[in-house]
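For reference, the structure is listed below as structure tokens.
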Amino acid sequence: MSFSMLHSRGGAAVPALGEPCARHRAAPAPRPSVQKQLQGQARCRLAGSSTLYVAGRNGLQSAVQQSARGGSRHVQARAPPRMCGIIGVFKHEGEANVEIYEGLLMLQHRGQDSAGMVSTDWRKFYEYKANGLVKDVFSQQSRLDTLKGSVGIGHVRYPTAGSASAQEAQPFFVNSPLGIYMIHNGNLTNCDQLRQLLNSSTSFFNRHLRTDSDSEVLLNVLADEIHRAHQRCLLEDECDPNRKKMDMVFEAGEATMKLLKGAYSCISLIKGVGLVAFRDPNGIRPLVLGKRQGRRGEEWCVASEDCAFGPIGFERVRDVRPGEMIIIDEDGRLISRQVAECESLTPCIFEYIYLARPDSILNSIPVYNFQLGLGTRLARRIKERGWEVDLVCPVPDGSRPAAIQISAELGLPYREGLVKNRYVGRTFIMPDQRLREVRPLLGMLGTLGTLLWREFVAHGLSEEEICRVLGADGLIYQDVADLLDCGRDLNPEIADFDDSCFTGKYVTGDINEAYLRNLEEQGRGKRRGGARPGRKASLIGGNGAGAKKQQPASAGTGTDRLPASTSA
């Protein structure tokens, strides 16, 4: 969660390092360690009521509803954000492995659990995948050198369905029909029904699935539909399937999108066909097309974000349209077909708030401009309160664009109160809550009695209760309407966004508490469950606001997913 901190003028002065807070001054004591000094500073700022907390960018207030004054509260089911990073590169000559590697580095923010790559010379596929960061998985040049061929795809994973097992690292592969590799960013919401279909007599081959990943399900649904298209070609049209491979893939894409529900952006390598990319009919997850001029003609790149294009020499062409399937054949010709009707583009609003890099442009919306817009709107809300503040400080690192804009709008100094360790990953996308808390930003300030409930401090609490928990003078949440208006201002052609992370209203209309409960028990929520003794983390809400103090977290490095609960 991102927020900015503004220091109010009415509070106690902040002591220098090692100087105790005025209300806590006592007999001289041995000089504490630097860490203890920092904790003492922060404690004084809370105890002296000198800190004002302003939650920005992705506040969750709209998701918290009070059913009756003084009564129990109901927290709407919220669909958790899903993200992975995918990239595909087509070249006419030379190895594609270096470009894919560099592209994955640019997409590392979208997933840190595993990385994988497969390349091809159209005679053979060459694959490698493992758990870890891109730089670690492909740390040896000799390993990259084995990935031969001028065409390939790559993936970084953040597990939202299935487990963090290396077996579930992508790409996934089926050898029939044709030989298909696939990478996927998104989450299927009817995965259980699709598994039953694939394992039943209604499937063409009664397919066996090796993992719990919905990406493997998606791959097998597509493969099953290509088989069906192949049979129709033979039995009904009396055609030569070897001459109709591309048509069969388009036909299968249309049938597949009729079966799938949820969010998905996919890139595939299909032997005898080419590099294939497609996006769900609502355009929930991003997918962008780029190209460059090679010595032998146009070369292509498809990726989750266009921030991957620049370092490898590609230029943005456009977003892949919702419901569109693109095939780049083995000769480099790009063929596009709308295989599913797109009623309206409804991208995930959380991409712009947190998931995407600020230098990306998604659905014709510059992410950085979007975040500046959030700062402008938050500044207006601060002005309405009439608060006197001294400075603006971004915490965590991802809130910097909004904080800079708040500073500019209010004419206040912008200060970096906490410095993120650039050599650790994004803790928001670590696979379980315990790992995220090993090195939290709150660690150095944890002795302040700050509480983290179910990962979000706002869970089940009103604004006033959150202020009491944090010891804050005031709290402002970014309104969900501000998020949506900011996106519409930058691209008026988008009528609505998927805001299920905050409202619980998923654009596909098929998300309910039963689905989220199952996700909690089977997926990432299962690993969250043991994060805090006596409390089970939940994706669906439901527990009241009876807060109990937790033990302070250990001191550590920066994090990118903490609520408005620290001071510097």
Side-chain angles (χ1 to χ4, degrees), residues 88 120 122-123 125 151 153 171-184 186 188-210 214-262 264-282 287 302 320-343 508:
T120 184
W122 298 123
R123 295 187 300 274
F125 290 114
V151 184
I153 57 178
F172 282 109
F173 175 71
V174 291
N175 69 341
S176 179
L178 303 174
I180 307 171
Y181 271 96
M182 177 179 284
I183 51 179
H184 163 226
L188 299 184
T189 58
N190 63 335
C191 197
D192 289 343
Q193 296 93 320
L194 293 173
R195 284 182 186 278
Q196 293 174 8
L197 182 151
L198 292 170
N199 290 324
S200 70
S201 58
T202 57
S203 171
F204 196 85
F205 277 120
N206 194 2
R207 294 175 174 272
H208 171 72
L209 302 176
R210 300 174 62 238
D214 59 343
S215 302
E216 187 186 18
V217 170
L218 198 160
L219 168 60
N220 278 271
V221 170
L222 177 64
D224 208 57
E225 292 303 328
I226 294 176
H227 269 299
R228 294 176 190 276
H230 180 273
Q231 288 300 104
R232 285 191 293 269
C233 175
L234 283 175
L235 302 178
E236 299 175 13
D237 302 333
E238 298 182 352
C239 68
D240 180 359
N242 288 322
R243 295 178 178 271
K244 294 287 186 178
K245 290 179 181 178
M246 187 175 295
D247 290 334
M248 289 190 300
V249 172
F250 278 128
E251 185 180 333
E254 180 178 357
T256 297
M257 288 196 188
K258 289 179 180 178
L259 292 172
L260 303 181
K261 293 183 179 179
Y264 51 92
S265 289
C266 303
I267 309 175
S268 291
L269 290 177
I270 304 180
K271 194 174 188 306
V273 177
L275 188 150
V276 181
F278 57 96
R279 190 179 182 195
D280 72 76
N282 294 296
L287 196 60
V302 186
V320 176
R321 291 184 289 271
E324 179 185 18
M325 176 176 275
I326 291 173
I327 297 178
I328 302 167
D329 70 13
E330 295 180 3
D331 296 320
R333 293 186 294 263
L334 186 147
I335 303 96
S336 168
R337 187 176 298 179
Q338 193 71 28
V339 297
E341 182 180 356
C342 172
E343 295 183 1
T508 58

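Because the structure is predicted, anything quoted here is derived from the model rather than measured.
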Could you tell me which residues satisfy side-chain hydrogen bond (donor to acceptor under 3.5 Å, both in side chains) with [X], sequence neighbours excluded, listed by chain and number?
| X | value |
| --- | --- |
| N282 | none |
| R123 | D121 |
| Y181 | E127 |
| D329 | R333 |

*Please test K271 against F125 for side-chain contact (heavy atoms from CB on, under 4.5 Å), starting from the C-alpha separation and ending with a verdict.*
CA-CA 9 Å; K271 194 174 188 306; F125 290 114; 4.1 Å; yes
If you compare all heavy atoms of [X] against all heavy atoms of [Y], which two are closest, and at what distance to 0.1 Å?
| X | Y | value |
| --- | --- | --- |
| P281 | P322 | O-CB, 3.2 Å |
| M182 | F278 | CE-CZ, 3.9 Å |
| P241 | M248 | O-CE, 3.5 Å |
| V276 | V273 | CG2-CG1, 4.4 Å |
| G262 | T508 | N-CG2, 3.9 Å |
| L287 | S265 | CB-OG, 3.9 Å |

Quick check: does any side chain N or O of [X] sit under 3.5 Å from a backbone N or O of [Y], one acting as donor and the other as acceptor?
| X | Y | result |
| --- | --- | --- |
| T120 | W122 | yes |
| N220 | E216 | yes |
| E324 | R337 | no |

From [X] atom [atom1] to [Y] atom [atom2], the distance as rounded to the nearest 0.5 Å:
| X | Y | atom1 | atom2 | result |
| --- | --- | --- | --- | --- |
| D247 | I327 | CG | CD1 | 8.5 Å |
| D214 | H184 | CG | NE2 | 5.5 Å |
| I183 | I153 | CD1 | CD1 | 4.5 Å |
| R195 | L209 | CZ | CG | 5.5 Å |
| C266 | M325 | SG | CE | 8.5 Å |
| L218 | Y264 | CG | OH | 7.5 Å |

*Given I226 and I180, is the side-chain contact (heavy atoms from CB on, under 4.5 Å) satisfied, shown in steps?*
CA-CA 11 Å; I226 294 176; I180 307 171; 3.7 Å; yes
*Working for side-chain contact (heavy atoms from CB on, under 4.5 Å), residues K261 and C191*: CA-CA 8 Å; K261 293 183 179 179; C191 197; over 6 Å; no
*Can you list the residues that meet the disulfide (SG to SG under 2.5 Å) rule with C239, with sequence neighbours excluded?*
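C239 satisfies disulfide (SG to SG under 2.5 Å) with C233 only.
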Cut-off 3.5 Å, no hydrogens considered: what does the side-chain donor-acceptor table look like for residues 249-260, sequence neighbours left out?
from : atom 1 : to   : atom 2 : distance (Å)
E251 : OE2    : R232 : NE     : 2.7
E251 : OE2    : R232 : NH2    : 2.6
T256 : OG1    : A252 : O      : 2.8

*asked:* In the structure I gave you, are the side-chain heavy atoms of S336 and R321 within less than 4.5 Å of one another anywhere?
replied: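 Result yes, sub-4.5 Å side-chain heavy-atom pair found.
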*Can you tell if the side chain of V302 reaches within under 4.5 Å of the side chain of I326, non-hydrogen atoms only?*
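In short, these two side chains do not touch, never coming nearer than 4.5 Å.
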*Salt bridge present between K244 and D240 (N-O < 4.0 angstrom)*: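 No, K244 and D240 are not salt-bridged.
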